[in-house]
Amino acid sequence: MTEEKSLNFVEEIIEEDLKSGKYTAIKTRFPPEPNGYLHIGHAKSICLNFGLALKYGGETNLRFDDTNPTTEETEYVDSIKNDIRWLGFSWAKELYASNYFDQLYEFAVRLIQKGLAYVDDSSSEKIASEKGTPATPGVENEYRSRTIEENLRLFEEMKNGKYADGEKVLRAKIDMASPVMQMRDPVMYRIKHAHHHRTGDKWCIYPLYDFAHGQSDSIENITHSICTLEFVPHRPLYNWFIEKLEIFPSHQYEFARLNMTYTVMSKRKMLKLVEEGYVSGWDDPRMPTISGIRRKGYTPSSIRTFCDKIGVAKRDNLIDISLLESCIREELNVTAERKMVVLNPVKLIIDNYDEEKSELLETESLPNDPDKKREVSFSKTLWIEQEDFMENPVKKWFRLAPGQMVRLKSAYIIKCESFDKDENGNITEIHATYIPESKSGHDESGLKVKGTIHWVDAKNALEVEVRLYDRLFTSENPAQEENFLDFINPDSLQIKKAYAESGIKNAEPGNHFQFVRIGYFCLDPDSTNDNLIFNRTATLKEGFKVKQH
RNA sequence: UGUCCCAUAGUAUAAUGGUAGUACGACAGACUCUGACUCUGUUUGUCGAGGUUCGAAUCCUCGUGGGACAACCA
């Protein structure tokens, strides 16, 4: 019995449209502006748009909203395509708003001919002040009453390069007193003598978002144009252009963008983090960019699962980042091979184990898959975690302490006999004896111990670098703080050397591991043969906390 | 002194006029050769006031609270 999953509001609209026969198939689009890197918020939109088409048997176009030549670059186009593919989606067509520049120009001429658009010679400051405020109506200016013929001539001259940047704009003639700001004669075209990444120097006038996006949707026969809430006030204008142009009636629907605790999502703020060196780049594992999350070790499917779980609605939200973490843990728990790695080493000497002796012990690499096995070497001197020894154990301490026994994972039960300290009181060496009959898989000791700890054979331990990433901010909602930079977590990255079981040297890019009892890690692309670097994707859930000491 | 959007446990999200459920988190316990995983249990919710109705989280009105809109950005 599979429970029918409830629909989100967009799915409800689509099912209604399909049922009523309004459409026989749906078409969506993902419309990034190629002027920055995609982040987890975009992933939500991507999963929604592509997911809807997949679910209802439609298509999704990838359309770059490249109407502003001064900020857009091909470099971003490539990274955006790469990220979408990585997330596991493929588009029906790769399109550009700039593909439609000729058509858009013709649309504009059509509106002028209908007396619904005019050329305005005012400065941007003047236009802004004449627009009024949300609470006070705007005023009409003298250019608004130009004749159709004059508007046609001037617009063509604009196109032909007769005027300098900012000298004139083409505006829709709607209603300067509209309570909706977007309807107060919005600018449709501006003059920009700039090189465009696709159309080169063909144009010196470029349409604005409002005169490009909806028309592009319409040209592509997009049935459901899904965007975020900040475009709600644009919808009347979106519909107005379609109605006046009498073109395919695409419809716009808006959902709430993703916000996540302890992260900032705005392009401006992320840029600041990169430019001012708070992170190493756009793909720093602490960044919410797709490339950052990928480098941190998240898988495409874990992100899709996350996007599925957060839902789609219209209310402002702040998703707990622990939901994202639970998605990757859930997946990696069953797929990531186990390795033993000691992050904060202290030497453990097995007093009754022969100095010369060494043995290979078999251990499972995936607890849920008995066929996945590997061997680890064991000898007299081992590395264990400092945290696994406590001189004066607290109550319910299951690990090592003077006189206490513990199981060495996949090896033997040992008993702590003594320990050494340096002048600063730090534990430098722990001595123990092992129980030969307690070997894993052949345990005839009859002993029961509560704790099991991981370890690494000091004889052939491989030194690796681990990068322990933590949340970038100390504030749950940094974007809402006066200055988000005041809330940078000083411990968001801790780099350390660790001892790993020797077999890890075969790790390859893209491999995911669980460092037993530590967390999930992946090999960082900065790794070299002599220096393997592992990024912490997520910690394991902490089930035992040592109380204040 | 305008227009629009929104309001369900801590955080998200269902219930589409008929038993307020799920996930994440938190807490407690069981299990455990990972104090993980898994399992069990507990905790906490319909913003307020009216109205319609046999019956309202759901429909209506008025409040309250939050958000968006005044780029030649998207």
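Naming: A, B, ... by sequence-line order, numbering from 1 per chain.
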Are the ring of A/Y209 and the base ring of B/A74 both nearer than 5.5 Å at their centres and tilted by less than 30°?
no
Under a plain distance cut-off of 3.5 Å, with no hydrogens placed, do A/E331 and A/Y520 share a side-chain donor-acceptor pair?
no
Rounded P spacing from B/U3 to B/U42 in Å:
49 Å
For nucleotides B/G45 and B/C6, find the distance between their P atoms and express it as a whole number of Å.
26 Å
Please report the distance separating the P of B/U22 from the corresponding atom of B/U44, rounded so that it comes out in whole Å.
15 Å
Do A/N141 and A/D120 pair up side chain to side chain, a donor and an acceptor below 3.5 Å, judged on atom types alone?
yes
Please tell me which of the listed nucleotides, B/U34, B/G25, B/U11, lies nearest to the side chain of A/L318?
B/U11
Options B/C6, B/A70, B/C72, nucleotide nearest the side-chain atoms of A/R190:
B/C72
Ionic contact status for A/R63 with A/D217, cut-off 4.0 Å:
yes
Any base atoms under 4.0 Å from A/S122, or only sugar-phosphate, or nothing? Heavy atoms, all strands.
base
Nearest listed nucleotide, side chain of A/I127, among B/G2, B/C69, B/C72
B/C72
Kindly say if A/R517 contacts the phosphate of B/G35, meaning a side-chain N or O under 4.0 Å from OP1 or OP2.
yes
Does A/E330 reach a base, just sugar-phosphate, or nothing at all? Heavy atoms under 4.0 Å.
nothing
Taking any strand in view, what nucleotide pairs with B/U40 in a Watson-Crick or G-U wobble way, both distances under 3.5 Å?
B/A28
Which is more 5' along RNA chain B, the nucleotide nearest A/G543 or the one nearest A/T261? Just name the residue.
A/T261
Of B/C69, B/C24, B/G35, the nucleotide closest to the side chain of A/R399 is B/G35
Applying the Watson-Crick and G-U wobble criteria at under 3.5 Å, what pairs with B/G48? Answer none if nothing qualifies.
B/C62
Between B/C24 and B/A14, how far apart are the two C1' atoms, rounded to whole Å?
15 Å
Base, sugar-phosphate, or nothing for A/G441, non-hydrogen atoms under 4.0 angstrom?
base
Of the listed B/A70, B/U34, B/C73, the closest approach to the A/P134 side chain comes from B/A70
Regarding A/K314, tell me which of base, sugar-phosphate or nothing describes its non-hydrogen contacts under 4.0 Å with the strands shown.
sugar-phosphate
Reckon A/Y189 touches a base, only the sugar-phosphate, or nothing at all at heavy-atom distances under 4.0 Å?
nothing
From the candidates B/C73, B/U34, B/A14, the one with an atom nearest any side-chain atom of A/N68 is B/C73
Between B/A12, B/G67, B/A36, spot the one nearest the side chain of A/L540, thanks.
B/A36
Would A/R407 and A/D443 pass as an ion pair if we require N to O under 4.0 Å?
yes
Of the candidates B/C33, B/U34, B/U13, the side chain of A/A313 sits closest to B/U13
When the distance from CG of A/N333 to C1' of B/U38 is rounded to whole Å, what number comes out?
9 Å
Counting side-chain heavy atoms from CB outward, which of B/C72, B/A74, B/U13 is closest to A/K131?
B/C72
With the threshold set at 4.0 Å, does a side-chain nitrogen-carboxylate oxygen contact exist between A/R144 and A/D185?
yes
Can you find a side-chain donor-acceptor pair between A/E387 and A/N344 that sits under 3.5 Å?
yes
Watson-Crick or G-U counterpart of B/C69, or none if no pair lies under 3.5 Å
B/G2
Given the C1' atoms of B/C69 and B/U61, what is the spacing between them in whole Å?
26 Å
Separation between the C1' atoms of B/U46 and B/A9, rounded to whole Å
10 Å
Contacts of A/G166 and A/Y520 projected onto RNA chain B by closest heavy atom; the upstream (5') one is A/Y520
Considering only heavy side-chain atoms of A/V187, the closest of B/U13, B/C72, B/G67 is B/C72
B/G55 pairs with which nucleotide, Watson-Crick or G-U wobble, both distances below 3.5 Å?
none
Within 45 degrees of the axis of the six-membered ring of A/Y118 and under 6.0 Å from its centre: does A/R146 put its NZ or CZ there?
no
Using the C1' atom in both, what is the distance from B/A23 to B/U8, to the nearest Å?
15 Å
Check ion pair A/E220-A/R29 (N to O, under 4.0 angstrom)
no
Rounding to a whole Å, what distance do you find between A/L229:CG and B/C5:P?
11 Å
When all nucleic acid strands are considered with a 4.0 Å heavy-atom cut-off, which category describes A/K192: base, sugar-phosphate, or nothing?
sugar-phosphate
Base of B/G67, side chain of A/R315 - is there a donor-acceptor contact under 3.5 Å?
no
Give me the distance, rounded to whole Å, that separates B/G48 from B/A68 when you measure between the P atoms they each carry.
25 Å
Would you say the side chain of A/H234 and the base of B/A68 hold a donor-acceptor pair, judged only by whether the two atoms sit under 3.5 Å apart?
no
